[in-house]
2 protein chains.
Amino acid sequence: MMLSDVMEDYLKVIYQLQQGTDDRIKTSEIADELDVTSPTVTSMLEKLEDRGLIDREKYRGVTLTDEGETVALEIVRHHRLLEAYLTEHLDYDWSEVHDEADRLEHHISEDFEERVADALDEPDVDPHGSPIPNADLEPPERPDSDSVIEFEEGDAVVVEEVADHDPEILSYLADHGVEPGVELEILEVAPFGMVTARSNESDRSVSLPEHVAHHVRVARPAELEQ
Amino acid sequence: MMLSDVMEDYLKVIYQLQQGTDDRIKTSEIADELDVTSPTVTSMLEKLEDRGLIDREKYRGVTLTDEGETVALEIVRHHRLLEAYLTEHLDYDWSEVHDEADRLEHHISEDFEERVADALDEPDVDPHGSPIPNADLEPPERPDSDSVIEFEEGDAVVVEEVADHDPEILSYLADHGVEPGVELEILEVAPFGMVTARSNESDRSVSLPEHVAHHVRVARPAELEQ
DNA sequence: ACTCCGATTTAGAGTCGTCTAACCCTAAAT
DNA sequence: ATTTAGGGTTAGACGACTCTAAATCGGAGT
Ligand SMILES: [Mn+2]
Ligand SMILES: [Mn+2]
Ligand SMILES: [Mn+2]
Ligand SMILES: [Mn+2]
């Protein structure tokens, strides 16, 4: 199956939008994510349906077929391995890797993928804490983390994943001690969603507006130990 | 200036065909190299001319403008740095790097280029002995090597560059002790161009049919020492 | 059941890079 | 000066991906 970069991007986006819901993915969601108009999405969805990569019900959105999911996992694996390699071996900061990986993910060979995975010793998460699909492209199990928004004043949690790609936000977070692996004590969750917490890294408090906090996924330490 | 991958490839090919001649580059040469038809080349040449990247005289071929040459050098730098990086840091063999670099060269950022160059300590040749344009994209000086075909029985020479990209040929050459840096003693140059030589690496003789010998560029050791 | 709004699809068009078929130019040979 | 062979260009088309404008669907609220 010979797929264009663009088709790969559509499948990747559908995969990512599908994580954490059972809802079908709607035309407009894809259009937003890829920065194209909805008629453009509609016509690409027809093509992907013809190729058996998605299930489509007109006016009701799409889901990936198994084959489509495998392609998406392939691209996600490339992306996250590249992010890991760039930070580990080329001295990139975690805030800088996304765009580079987003271009290269479509252009590396299976051989390159394998050598990178070897050089990293088959990592299972990328620098943002997101799981890297294994070489067999089985869907990684859903990490049992929740958005930090779900917690309350007084909770002690560990950052598992920061699912944001904006370099400015990521730099800010790192500067304020919010990275995968650090412990946070929740100080306040404001009614409009802003979370204030103290990091054991920076030892000062940091406030995260809702749209940022939303992407900071954490788990209770207990859940890790059990 | 926003250029497509395809335009970059045309400029790179024109640059490479231009090395070692003062002739203008002809439509059909480009078509052969890129595996497209000549009308396709003609229409792309019109576009490149409009953009000021080539000088074109209808029916008489093209040359790169300074701007076009800079773009070509940029891509060649990417290509050769990638080849060097893949062999040095990802355990690729020199016979395997070309195709990978040929795809990635269009998709790496300037930042990536710089980090790779740093990791390699600003190398000046790639694994095939070809010069890597510097970061300022000044045209590298033409290496003073000649095809091994130009020499005669009894000459002692050093391999400077193996300007071939075919993995099978490169593996064969490495197996028979023909790589940049090795010394060769020319044993025979047949009338139909085949060169037989003894390598100080393998210590056995190896014969190279003309089309292979043509790409093996060597220099007299004396020229190196002076 | 009906109406209406927002989301989706249909229709039609444009750009890019490619092709084939037909025509044309240049340079070499007569 | 003419012919001719070979390569180059023009013309017209197509697939991939995108857009805007117009038509249509479906669900929410009466
Ligand atoms: Mn892969
Ligand atoms: Mn990531
Ligand atoms: Mn560059
Ligand atoms: Mn090379």
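Below, read A as the first sequence line, B as the second, and so on, with proteins coming before strands; counting in each chain starts at 1. The model shown is predicted, which means the values in this text are computed figures rather than measured ones.
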Determine: side-chain N/O of [X] to OP1/OP2 of [N], distance under 4.0 Å, yes or no.
| X | N | result |
| --- | --- | --- |
| A:K47 | D:dG15 | no |
| A:Y10 | D:dT18 | yes |
| B:T27 | D:dT9 | yes |
| B:R60 | D:dG8 | no |
| B:S28 | D:dG7 | no |
| B:K58 | C:dT26 | no |
| B:T42 | D:dT9 | yes |
| B:R56 | D:dT9 | yes |
| A:K26 | C:dA7 | no |
| A:S38 | C:dT8 | no |

Q: Looking at every strand, decide which applies to B:S4 at a 4.0 Å heavy-atom threshold: base, sugar-phosphate, or nothing.
A: sugar-phosphate
Nearest-Å distance, [atom1] ([X]) to [atom2] ([N])?
| X | N | atom1 | atom2 | result |
| --- | --- | --- | --- | --- |
| A:R51 | D:dC17 | CZ | C1' | 13 Å |
| A:Y59 | C:dT9 | OH | P | 7 Å |
| A:L34 | D:dA16 | CG | P | 18 Å |
| B:L11 | C:dG17 | CG | C1' | 15 Å |
| A:L45 | D:dT18 | CG | C1' | 14 Å |
| A:R24 | C:dA7 | CZ | P | 19 Å |
| A:E46 | D:dG15 | CD | C1' | 15 Å |
| B:D50 | C:dT15 | CG | C1' | 15 Å |

Using 4.0 Å as the upper bound for N to carboxylate O, is an ion pair formed by [Y] and [X]?
| X | Y | value |
| --- | --- | --- |
| A:D111 | A:R115 | yes |
| B:R56 | B:E46 | yes |
| B:E105 | B:R80 | no |

Q: Could you check which of C:dC19, D:dC17, D:dC19 has an atom nearest any side-chain atom of B:T37?
A: C:dC19
(Q) Measuring from the side chain of B:S43 (C-beta onward, heavy atoms only), which nucleotide among D:dC17, D:dA21, C:dT18 has the closest atom? (A) C:dT18
(Q) Is it true that, when you exclude A:E110 itself, more than 12 heavy atoms of the residues, nucleotides or ligands shown sit nearer than 6.0 Å to its CD? (A) yes
Q | Closest non-hydrogen atom pair between B:V159 and B:E179, with its separation | A | CB-O, 3.3 Å
Q: Anything under 30° is parallel, anything over 60° is perpendicular, the rest tilted; go ahead and classify B:H165 against B:H98.
A: parallel
